[in-house]
Amino acid sequence: MHRFERKQNIFRNKDALNESYQPDRIEERDEEIEEYMEALQPVVDGWEPNNIFIYGNTGVGKTAVTDYLLERLQKDVSSYDDLELSVISLNCKTLNSSYQVAVELVNELRPTGREISSTGYPQQTVFKKLYEELEAIGGTILIALDEIDSIGDRDELLYELPRARANGKLESTKVGVVGISNDFKFREQLDPRVQDTLCEREIQFPPYEAPELENILESRAEIAIVDGAIEQGVLNFCAALAARDSGSARQALDLLRLAGEIAENREANHIERAHVETARSQLEQERVEEGMRELTPHGRLALLAVASRSAKEETPCRGRDIYTEYVTLCESSGSEPLTQRSVHNHLSDLRMLGILSASENRSGSRGNYYSYELDVPFSSAVEAMADVLRLDSEIDTIRRMAAINDVV
DNA sequence: GCTCCACAGGAACCCGAGGGGG
DNA sequence: CCCCCTCGGGTTCCTGTGGAGC
């Protein structure tokens, strides 16, 4: 007989560890909040808003603080009847050009049914539509663009928006842009004219230090987890791991949440260090699988080529040898091989994703080159691709080779 | 101390699939 | 119908690199 039973020996309110949870109080970011408020002050005073650029790694509170302050600002502004403030927030993660961001903004502002399609128009046409929508709203408009770095170097919108008023594109509307970026190199690569305007006010969110992370974890754990269900030193351990890796509160909270789930599944009464260890390797695994799922067919073939070399205990090995392996795999799967340059691109993508690691070889007259090897367990690399490629027999061979050579 | 290997990675371009709009 | 737009993934061509060996 099957039966569901409520388990509540670990969690009291697990949601408090989720990304979407909004805590009442934001911990350890007092200085940044103060600076941020100062940058937003002109809105309350009725002047043209500052453009603000926020940067810092993922999980250091940029988005949380922005959401909190913009909400606060709207509330506080509403008590002055001569001020009209609208806030538009957009996450640009999946939008990789100014064009797409502009389309998305227009569609955000338009009622359902009147949206525009995401291709087809000349860029300026889309900008014009955007200005029309903004002008129709009037007052002060703050546009918060989260993960803005994903537009890469196609940053025309960031040039246009802050200048819209000066260029006569907008009459009655004052626009302020808040750009949020995970990548502080993004700032450098921006057109200098964009830097001038967009980065009028810059606020940097530094990574959290271990003690700060521990405070954050403590305050969340109080809400999320049953009293006494955390063993001594576990929070400290989570904080230390996250601080060493990324300084991200997101990561620290994920670790704690997953460790809790593992503890629960093992029917333990409290979360132990060992659960955190397991949680860490699981999260790492998930991250890698995520990366592999999004590979293009040739990206997969390139990875499989490395896996194949690895099965024969021939890694680390250089790009040239991977390429020949890749070509034979292409032939067996009946697809046209790409040029060496393209495979080289795939290898470097895989390196960025942390799936491959590369060591530089400087051998003078015999050239400089990278030696690649798998940076993930052999089995997870092969597993992740087995279902997609029409290479079952080849993959079997690779597996058998691996078994003989005892590769894992 | 100069040369030069053999790769890394940037730049410019190409192509076909998405979709305008007159 | 024709010519316009963007975009992703691909090419082609090219320059930069650092120390072993002359």
Side-chain angles (χ1 to χ4, degrees), chain A residues 90 92-107 110 113-133 147-161 183 185-186 188-191 291-306 309 314-327 329-331 333-373 375 385 388-389:
Chain A
L90 185 63
C92 307
K93 193 191 214 148
T94 57
L95 310 168
N96 45 22
S97 66
S98 280
Y99 185 93
Q100 292 176 346
V101 172
V103 167
E104 209 51 40
L105 284 172
V106 170
N107 287 339
R110 289 197 168 184
R114 285 197 53 231
E115 287 98 344
I116 59 176
S117 80
S118 60
T119 53
Y121 305 99
Q123 181 154 272
Q124 281 302 325
T125 310
V126 181
F127 288 169
K128 211 175 132 209
K129 289 176 194 290
L130 178 57
Y131 293 136
E132 281 163 15
E133 296 301 327
E147 305 194 48
I148 186 64
D149 43 312
S150 72
I151 68 168
D153 52 7
R154 293 182 278 183
D155 55 8
E156 301 88 341
L157 183 70
L158 300 180
Y159 178 81
E160 284 266 335
L161 267 181
D183 176 5
K185 273 177 279 166
F186 179 65
E188 323 284 87
Q189 72 168 51
L190 287 172
D191 188 314
M292 290 195 281
R293 230 173 289 131
E294 281 165 22
L295 293 176
T296 58
H298 285 287
R300 289 162 191 271
L301 282 165
L303 175 53
L304 197 61
V306 182
R309 300 294 294 207
E314 289 170 355
T315 51
C317 85
R318 57 200 299 175
R320 185 171 57 185
D321 301 327
I322 295 171
Y323 185 65
T324 50
E325 190 76 45
Y326 159 84
V327 172
L329 282 172
C330 279
E331 278 160 7
S333 77
S335 48
E336 277 296 298
L338 303 178
T339 57
Q340 199 155 358
R341 176 74 185 85
S342 301
V343 173
H344 170 64
N345 270 347
H346 284 299
L347 291 176
S348 109
D349 287 349
L350 290 166
R351 195 153 47 87
M352 302 284 187
L353 289 166
I355 297 172
L356 295 183
S357 66
S359 54
E360 247 176 312
N361 295 52
R362 305 225 139 112
S363 51
S365 59
R366 264 163 294 127
N368 303 329
Y369 55 91
Y370 281 143
S371 285
Y372 295 91
E373 64 187 314
D375 203 19
M385 291 173 299
V388 187
L389 300 156

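Predicted model, so just to flag it, every value in this text is computed and none were measured. Note on naming: letters A, B, ... go to the chains in the order of the sequence lines (proteins, then strands), and numbering restarts at 1 for each one.
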Quiz item: At under 4.0 Å, does any side-chain N or O of A:R351 touch on OP1 or OP2 of B:dG9?
Solution: yes

Self-check item: Gap between atoms OH and P, on A:Y369 and C:dG19 respectively (whole Å)
Solution: 15 Å

Quiz prompt | Over-ring placement of A:K129 relative to A:Y121, 6.0 Å and 45° cut-offs | solution = yes

Exercise. Compare side-chain N and O positions of A:N345 against OP1 and OP2 of B:dG10 and report whether any pair is under 4.0 Å apart.
Key: no

Self-check item: Atom-pair distance (CD1 on A:I151; P on C:dC7), nearest Å
Solution: 11 Å

Quiz prompt | side-chain hydrogen bond (donor to acceptor under 3.5 Å, both in side chains) against A:E360, all qualifying residues, sequence neighbours excluded | solution = A:R362

Quiz item: At under 4.0 Å, does any side-chain N or O of A:H346 touch on OP1 or OP2 of C:dG10?
Solution: yes

Quiz item: Would you say A:T296 reaches C:dG9's phosphate, i.e. side-chain N/O to OP1/OP2 under 4.0 Å?
Solution: no

Self-check item: Candidates C:dT11, B:dC7, C:dG8 - which lies nearest the side chain of A:T339
Solution: C:dT11

Self-check item: Proximity to the side chain of A:S348 - top-ranked nucleotide from B:dG9, B:dG20, B:dC7
Solution: B:dG9

Quiz item: Checking all strands, does A:R341 fall into the base, sugar-phosphate, or nothing category for heavy-atom contacts under 4.0 angstrom?
Solution: base

Exercise. Please tell me which of the listed nucleotides, B:dC7, B:dA8, C:dT6, lies nearest to the side chain of A:Y372?
Key: B:dA8

Quiz item: Is A:T119 near enough to C:dC5 that one of its side-chain N or O atoms lies under 4.0 angstrom from OP1 or OP2?
Solution: no

Quiz item: Short question: side chain of A:Q100, backbone of A:N96 - any donor-acceptor pair under 3.5 Å?
Solution: yes

Self-check item: B:dG9 OP1/OP2 closer than 4.0 Å to side-chain N/O of A:Y370
Solution: yes

Quiz prompt | Heavy-atom donor-acceptor pair, A:S97 side chain to A:R154 backbone, under 3.5 Å | solution = no

Quiz item: Counting N and O atoms only, with roles assigned by atom type, does the side chain of A:R300 sit under 3.5 Å from a partner on the main chain of A:E294, one being a donor and the other an acceptor?
Solution: no

Quiz item: C:dG9 C1' sits how many Å from A:H344 NE2, rounded?
Solution: 16 Å

Quiz prompt | Whole angstrom value for the distance that separates P of B:dG16 from CD of A:E336 | solution = 15 Å

Quiz prompt | Interatomic distance, A:N361 CG vs C:dG19 P [rounded to whole Å] | solution = 13 Å

Quiz item: Base, sugar-phosphate, or nothing for A:N96, non-hydrogen atoms under 4.0 angstrom?
Solution: sugar-phosphate

Quiz item: What orientation do A:Y370 and A:Y372 show, parallel under 30°, tilted 30 to 60°, or perpendicular over 60°?
Solution: perpendicular

Quiz item: Over how many whole Å does the gap from A:H298 atom NE2 to C:dG10 atom C1' extend?
Solution: 9 Å

Self-check item: Options C:dG10, C:dG18, B:dC7, nucleotide nearest the side-chain atoms of A:L338
Solution: C:dG10

Quiz item: Counting side-chain heavy atoms from CB outward, which of B:dG10, C:dC7, C:dG18 is closest to A:Q100?
Solution: C:dC7

Quiz item: Reckon A:S342 has a side-chain N or O less than 4.0 Å from the OP1 or OP2 of C:dT11?
Solution: yes

Quiz item: When you measure from the side chain of A:N368, which nucleotide among B:dA8, C:dT12, C:dG18 comes out closest?
Solution: C:dG18

Self-check item: A:E115 (side chain) donor-acceptor with A:G113 (main chain) under 3.5 angstrom
Solution: yes

Practice problem: Rounded to the nearest angstrom, tell me the gap between atom CD in A:E115 and atom P in B:dG19. | Solution: 15 Å

Quiz item: Does A:R320 offer a backbone N or O that forms a donor-acceptor pair with the side chain of A:Y369 under 3.5 Å?
Solution: no

Quiz prompt | Presence of A:T125 side-chain N/O under 4.0 Å of C:dC5 phosphate oxygens OP1/OP2 | solution = no

Quiz item: Between A:S371 (side chain) and A:C317 (backbone), is there a donor-acceptor pair under 3.5 Å?
Solution: no

Quiz item: Roughly how bent is the helix from B:dG1-C:dC22 to B:dG22-C:dC1 end to end, in steps of 10 degrees, with each end axis from five pairs?
Solution: 30°

Practice problem: Grab the OH-P distance between A:Y99 and B:dG20 for me, whole Å please. | Solution: 9 Å

Quiz prompt | Selected nucleotide, minimal atom distance to A:R362 side chain, candidates B:dC7, C:dT6, C:dG18 | solution = C:dG18

Quiz item: A:S117 side chain: which of B:dG21, B:dG19, B:dC7 is closest?
Solution: B:dG19

